[in-house]
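Written below as structure tokens is the structure these notes are about.
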Protein chains: 2
Amino acid sequence: MSDDLFVIRRAALFANLLPEDLRLLLKNARIIRFKAHEQIFAAGAQAAALYFLVSGSVRLFSLSSQGDEKVIEVIMPDATFAEGVVFLGGRYPVHAAAVTDSEVVELATHHFSSILANNHDMAMRMLAGLSTRVHQLIQDVASLTLETAGQRVAGYLLSQCSPTCGNEAIHMVIPKNVVASRIGVKAETFSRVLATLRGRELIRVTGNDIHVLDRDALMRWRDGVERT
Amino acid sequence: MSDDLFVIRRAALFANLLPEDLRLLLKNARIIRFKAHEQIFAAGAQAAALYFLVSGSVRLFSLSSQGDEKVIEVIMPDATFAEGVVFLGGRYPVHAAAVTDSEVVELATHHFSSILANNHDMAMRMLAGLSTRVHQLIQDVASLTLETAGQRVAGYLLSQCSPTCGNEAIHMVIPKNVVASRIGVKAETFSRVLATLRGRELIRVTGNDIHVLDRDALMRWRDGVERT
DNA sequence: GACCCCCCTTGACCTGAGTCAAGGAGGGGG
DNA sequence: CCCCCTCCTTGACTCAGGTCAAGGGGGGTC
């Protein structure tokens, strides 16, 4: 209802939607809070809703006949889950339960599908959002397997300052350790890379602000063979 | 036209489609062969088609005003490209050119869109396919950052034999070095892991067949702390 | 049958990055 | 004003896994 539900735009599925799309979708949406270990839905139940995780973490798992549990996936904030089965219309193939205290946005299947059925362009925007995300993720995988930690850090800095290309500072809103883990690097390593970049006067660090002093040199360093 | 165009099912976008969906889509599709370095489309041109890469490799890049080229993405076989812009309807934001000799399936935008417009369920199946792929890729990223090479190899073996759960052999159709790179490991390391698994009698290797002897033990080894 | 070629295996070595541990530095609360 | 807590930095060490290099098969060709 209120605009704070617009957080769902952070999910690739909704990233390309227009404000009116979102308003329509969110008309019957509600935020639900789950305590740690509380069940969200059960495998085998008719898929009545899809979910967007606002905060906390959620476990998708199945139970073997012996009763032991196999974790299929752990959902982290800003991701949707159970959307696949909603598109196909069926039953949940897995159980879902909150790992830690969690907030989710619930979007009822029937409402969701009927909107999409009448709104072809919106479906297209969803397809576009998802395919962008797929390409992004493929890039991430590539960068994890064939770039060094230093290259990834440099790449991240470049990606952050590329719009404001000039001499603007990157203001690190999120704590450095979160950024580090986002690019697949330990906080210590991240710190060390910044230190060497500082030493080479490619960047200047002041508190939470990072100035890229020489964009081109930084790019060269990232792609570069020379790593003295 | 002929059923060999059904290879496009390997792309997440088409993975969930029904045979009749595919036949419909492929009605006006054609295979195009590009020589290395040949251009496929130019940035700024109206997006007239989306592509599925059958073999070879394709470079997506943009040109700076100085004329130097920035590679945005390298497309590998079984992936689609330019689908995002087709969904939104617009102009190609980047140039595309074959890196090596390549075969692509071309699907015309107007044909594609009009089919989707009249076939809501098919759009749903595409959404489902893409969201499955997104979840898969997120898994891959997680596994690359927080599992060891050994765990990934074990995980791969388990994923390959899980349907035929029993004592069936996994027949490695694709060369081992390709499998290795698929799971983010060098061929040598892959080989070494197989060797230790063989030593522990968790698997038996005969030529290109790999028997998983003890599924549970292998799972334990994968998750396990003990790594003697 | 002999040769070759490609793919796989194994060994020895090296290095990138993670781990562990010990300080700073800022900043909010008492 | 001091204390503490959280986040960041730096150093020393370790180790997984990549690199380089040297064999071993197996299967196709002539």
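So that the names make sense, note that chain A is the first sequence line, chain B the second, and so on, each numbered from 1.
Under the rule for a side-chain contact (heavy atoms from CB on, under 4.5 Å), A:Leu146 has no partner lying at least two apart in sequence or in another chain. Under the side-chain contact (heavy atoms from CB on, under 4.5 Å) criterion, B:Val71 pairs with B:Arg59, B:Glu69, B:Val74, sequence neighbours left out.
Atom C1' of nucleotide D:dA16 and atom CG of B:Leu144 are separated by 15 Å, given to the nearest angstrom. Note: CG (B:Asn177) to P (D:dT19) measures 14 Å, nearest angstrom. Protein atom CD of A:Glu188 is 14 Å distant from nucleotide atom P of D:dC7, rounded to whole Å. With rounding to whole Å, A:Ile183 atom CD1 is found 11 Å from C:dA17 atom P.
Here the nucleotide nearest the side chain of B:Lys186, chosen from D:dT19, D:dC8, C:dG18, is D:dT19. Distance from the side chain of B:Val185 is smallest for D:dG18 among the nucleotides D:dG17, C:dG18, D:dG18.
For residues 189-198 of chain B, proximity to DNA chain C is found at B:Ser191, B:Arg192, B:Ala195, B:Arg198, defined as any non-hydrogen atom under 4.0 angstrom from a strand atom.
Ion pair A:Arg125/A:Asp21 flagged as a salt bridge, since at least one NZ, NE, NH1 or NH2 atom sits closer than 4.0 Å to an Asp/Glu carboxylate oxygen.
Of the residues A:Arg182, A:Arg133, A:Arg10, the one that meets the salt bridge (Lys or Arg N to Asp or Glu O under 4.0 Å) test with A:Asp78 is A:Arg10.
When the side-chain nitrogen and oxygen atoms of A:Lys176 are compared with OP1 and OP2 of D:dC7, none of them lie within a distance under 4.0 Å.
A centroid separation of 6.0 Å or more is found between the aromatic rings of B:Phe14 and B:Phe52.
The number of heavy atoms from other shown groups lying within 6.0 Å of CD (B:Gln39) is above 12.
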